[in-house]
Number of protein chains: 2
Amino acid sequence: MNRSMTKMIDVARHAGVSLKTVSRVLNNEPHVQLALREKVKEAVRELGYVPSASARSLRSNRTYSIHLFSHSLRSNFVNSVQFGALHTCQVAGYRMVVTMLDQAKTVGIKELRAWFETLVNSGKPDGVILVPPMSNDPEISKVMSEMNIPVIRIGPNDIEDGGGTVTIDDHAAAVEATQHLLELGHRRIAFVRGKEDQDSTHVRFRGFSEALEEAGVSVDPDLVLPGLFDFESGLAAGDRLLSYPKDKRPSAVFAANDHMAAGVLVAAHKAGVQVPDDLSIIGFDDSEIAETMWPALTTVRQPLYEFGSVAMEMLIQNSGKNTRIEGERKVLPYALVWRQSTGPFQG
Amino acid sequence: MNRSMTKMIDVARHAGVSLKTVSRVLNNEPHVQLALREKVKEAVRELGYVPSASARSLRSNRTYSIHLFSHSLRSNFVNSVQFGALHTCQVAGYRMVVTMLDQAKTVGIKELRAWFETLVNSGKPDGVILVPPMSNDPEISKVMSEMNIPVIRIGPNDIEDGGGTVTIDDHAAAVEATQHLLELGHRRIAFVRGKEDQDSTHVRFRGFSEALEEAGVSVDPDLVLPGLFDFESGLAAGDRLLSYPKDKRPSAVFAANDHMAAGVLVAAHKAGVQVPDDLSIIGFDDSEIAETMWPALTTVRQPLYEFGSVAMEMLIQNSGKNTRIEGERKVLPYALVWRQSTGPFQG
DNA sequence: GGACGCATTGACAACGTGGTACAATGTGAG
DNA sequence: CTCACATTGTACCACGTTGTCAATGCGTCC
């Protein structure tokens with residue numbers, strides 16, 4: 001600790017300037033001549049000076065840290081986003097703090113506010129990234145905006161609320177996935193929904209329905225099953241679908257994410273149903289799991305890493321200026337990834 | 001920001017005591033009567049006071065934050081550890097900062113030291129958790145100990161170096177996994193190694209070899225394949241093993257982790273080899289993937305969540321006292337999880 | 001040439017907490 | 001009654017940075 005504690009005043013003395021001048025150089029403030037700037041920067045290099053984060057944030061009310069809020073880290077989605085965010089974060093010299101929002105503690109908006117206030121006082125983040133399902137929660141966004149904390153929400157389809165957004169076009173992606181199955185000749189296509197509190201569930205289902213209708217195929221309610229975005233609910237949905245009599249069974253399944261698609265795939269294996277010959281399966285996300293299944297899952301790739309990375313970039317760009325990020329909305333490209341779990345309809 | 005900025009002096013006025021008394025109560029110092037203590041605590045509650053993290057850490061050189069260092073977040077292992085650590089961390093009112101160590105930047109010990117100094121000066125963590133492969137790197141541990149930062153290393157089998165350790169008994173676990181296969185009647189058993197810079201690779205292989213030898217079976221070098229702890233290397237190993245002529249093939253495979261076991265399983269599927277009838281496969285870790293494969297993987301469960309949780313607990317307990325955590329070593333229980341990928345040897 | 005504007009630089013206070021030093025009180029024991 | 005000791009308060013400094021404001025230098029315009 002001791003040896004390495006170079007302070008700003010040391011840099012100032014070393015460069016033969018005042019404390020304030022060093023501060024100006026480090027913060028890229030104007031009113032310092034170029035020659036002096038260089039001299040200071042060299043002194044910083046020579047001494048290996050690093051500003052003290054605590055002193056800085058005490059004085060300036062900035063923490064140089066971005067919080068990632070999630071319910072759980074144990075999903076591929078959150079994980080990939082986190083990875084992208086962290087990468088960008090570190091390059092910019094910020095810290096990334098991971099915070100888990102305990103659902104029990106945030107039942108009401110009052111508890112939510114109290115919880116956030118604790119968080120904020122103890123070290124107000126320069127920005128916050130919200131992943132689903134929190135990115136859909138209007139109360140959370142409201143509280144954050146009241147506290148004047150810039151927020152980027154990942155994944156939501158609504159445009160309304162405050163803060164920035166990073167998404168794909170869920171609707172178009174669902175349409176394209178469905179058309180993929182239609183083009184392969186499938187007509188009886190099942191859909192496994194995700195969690196109902198996430199609007200991508202609804203948007204994807206709407207895309208699915210509309211694509212079917214456009215192709216002159218009506219949606220069979222028996223082929224629309226509930227799901228929770230996890231493996232188990234996919235497995236349950238698969239078991240259910242395969243328990244139907246042969247003529248009632250679907251020839252293809254569109255699951256709202258890869259974990260559920262994996263569940264359907266395992267259900268098929270258990271039932272001795274060949275994939276893709278007897279049943280085509282398409283997922284959504286392009287999780288790691290999609291590639292490690294057999295057969296590998298056809299899916300819609302969401303740029304999860306980029307979600308995190310872009311969100312972080314937006315926050316860091318914004319940080320410093322005290323403007324709130326209002327309604328900025330980035331829509332990133334998705335891509336259909338055709339692997340082995342989908343194939344032509346076998347009359 | 002404004003409204004919520006309650007300071008210590010506000011609490012003092014509200015409770016009708018002096019600033020110093022509040023400070024004493026909050027820091028659990030002696031010399032305050034119980035009644036007064038309660039009064040202060042109530043004032044804290046009423047005002048929703050939260051100490052300013054930056055002021056606190058500026059003054060006391062503690063940050064109330066723990067860093068988790070990893071190379072990548074994209075592995076089930078790191079992820080689960082992170083989850084456990086975060087949970088415990090938040091309960092204790094600490095922050096968890098995730099830091100990715102760029103391998104390019106840490107090639108030499110000099111760069112490593114410079115990198116850490118930046119990190120430390122900008123906000124010295126109260127503790128650091130190292131996951132593999134960093135927990136095996138003696139240079140990292142050395143640098144941390146020079147900087148007087150408490151470290152908990154997760155997973156290493158060596159006892160030597162400074163800092164605390166949280167592990168399972170890798171050797172015993174590998175022996176047990178191998179015995180499981182032996183008891184099922186298998187004699188030609190392959191082993192897929194992990195990364196060579198992680199000592200669990202070596203310890204697990206030693207356990208495997210010793211169990212075989214004890215059973216009077218010698219290790220066939222052709223059945224020991226390299227691996228990188230990832231799906232692809234497992235797939236390659238599986239392809240290789242199944243390309244052997246029938247009488248040279250193993251009847252069982254022990255992969256040093258689940259991702260590689262999943263690769264072997266997919267290789268079997270591709271080759272039309274039935275699991276477990278024609279080939280038994282056992283993994284290691286009990287990753288999420290183990291349960292989502294078909295057939296579900298038999299594996300050795302490592303208590304990953306607990307690794308993180310226990311490591312965090314040790315750090316937080318230690319935090320405040322300035323003693324370093326020396327040689328504390330917690331060995332947590334593992335468990336053989338028998339699922340569907342292993343079965344009796346079919347003559 | 002003097003007044004003025006503007007860019008540059010510096011001196012000093014302030015952020016909210018923890019620590020030190022000591023005074024002022026209350027309380028019980030010898 | 002006195003002394004020892006625990007409790008509580010007062011007062012101030014320190015942590016390392018940024019913000020405020022004044023001082024300086026320099027060129028420009030009347």
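In what follows, chains are A, B, ... by sequence order, proteins preceding strands, each numbered from 1. Only this structure's heavy atoms are used, side chains among them; waters, hydrogens and symmetry mates stay out.
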Nearest heavy atoms of [X] and [Y], plus distance in Å:
{"X": "A:Leu47", "Y": "A:Thr6", "answer": "O-OG1, 3.6 Å"}
{"X": "B:Val128", "Y": "B:Ile149", "answer": "CG2-CG2, 3.8 Å"}
{"X": "B:Ile140", "Y": "B:Leu130", "answer": "CG2-CD1, 3.8 Å"}
{"X": "A:Ile154", "Y": "A:Ser135", "answer": "O-OG, 2.9 Å"}
{"X": "B:Asp126", "Y": "B:Thr63", "answer": "OD1-N, 2.9 Å"}
{"X": "B:Met134", "Y": "B:Ser70", "answer": "CE-CA, 3.1 Å"}

Expected string for nucleotides 21-26 of chain D under the B/S/- scheme (protein heavy atoms, under 4.0 Å, primed atoms plus P, OP1, OP2 as sugar-phosphate) is ------
Under a 3.5 Å threshold, yes or no: a donor from one side chain and an acceptor from the other, between B:Ser309 and B:Thr88?
yes
Do we see a donor-acceptor contact under 3.5 Å between the side chains of B:Tyr305 and B:His87?
yes
On the 0 to 90° scale, with breaks at 30° and 60°, tag the A:Tyr94-A:Tyr64 ring pair as parallel, tilted or perpendicular.
tilted
Answer with base, sugar-phosphate or nothing: what part of the nucleic acid does B:Leu36 contact at a heavy-atom distance below 4.0 Å?
sugar-phosphate
Give B:Met8 one of three labels, base, sugar-phosphate or nothing, depending on what nucleic acid heavy atoms sit under 4.0 Å from its own.
sugar-phosphate
For A:Met96 and A:His67, run side chain to side chain contact (heavy atoms under 4.5 Å, CB included): C-alpha distance rounded to whole Å, both residues' side-chain angles, the deciding distance at 0.1 Å, then the answer.
CA-CA 6 Å; A:Met96 191 173 94; A:His67 279 233; over 6 Å; no
N/O donor to acceptor pairs below 3.5 angstrom from side-chain atoms of residues 25-40 of chain A, sequence neighbours left out:
unit_1, atom_1, unit_2, atom_2, d
A:Asn27, ND2, A:Ser23, O, 2.9
A:Arg37, NH1, A:Val32, O, 3.0
A:Arg37, NH2, A:Glu29, O, 2.4

Donor-acceptor under 3.5 Å (A:Gln82 side chain, A:Gly308 main chain):
no
Qualifying salt bridge (Lys or Arg N to Asp or Glu O under 4.0 Å) pairs with a residue from residues 305-314 of chain A, counting only residues at least two apart or across chains
A:Arg301-A:Glu306
Short of 4.0 Å, heavy atom to strand atom, which residues of residues 10-19 of chain A count as contacting DNA chain C?
A:Val17, A:Ser18
Minimum-distance nucleotide to B:Leu58 side chain [options: D:dT10, D:dG16, D:dG19]
D:dG16
Which sits closer to the 5' end of DNA chain D, B:Arg59 or B:Thr21, going by the nucleotide each is nearest to?
B:Thr21
Let's see if you get this right: which residues in residues 39-46 of chain B place a heavy atom under 4.0 Å from DNA chain D?
none
Within this structure, what is the [atom1]-to-[atom2] distance between [X] and [N], rounded to whole angstrom?
{"X": "A:Ile9", "N": "D:dT18", "atom1": "CD1", "atom2": "C1'", "value": "14 Å"}
{"X": "A:Asn28", "N": "D:dG19", "atom1": "CG", "atom2": "P", "value": "13 Å"}
{"X": "A:Tyr49", "N": "D:dG16", "atom1": "OH", "atom2": "P", "value": "10 Å"}
{"X": "A:Arg56", "N": "D:dT18", "atom1": "CZ", "atom2": "C1'", "value": "10 Å"}

Start and end of chain A contact along DNA chain C [non-hydrogen atoms, under 4.0 Å]
C:dA7 to C:dG16
What distance separates B:Arg62 CZ from B:Ser57 OG, expressed to the nearest 0.5 Å?
10.5 Å
Can you find a side chain N or O atom of B:Lys20 that sits less than 4.0 Å from OP1 or OP2 on D:dG9?
no
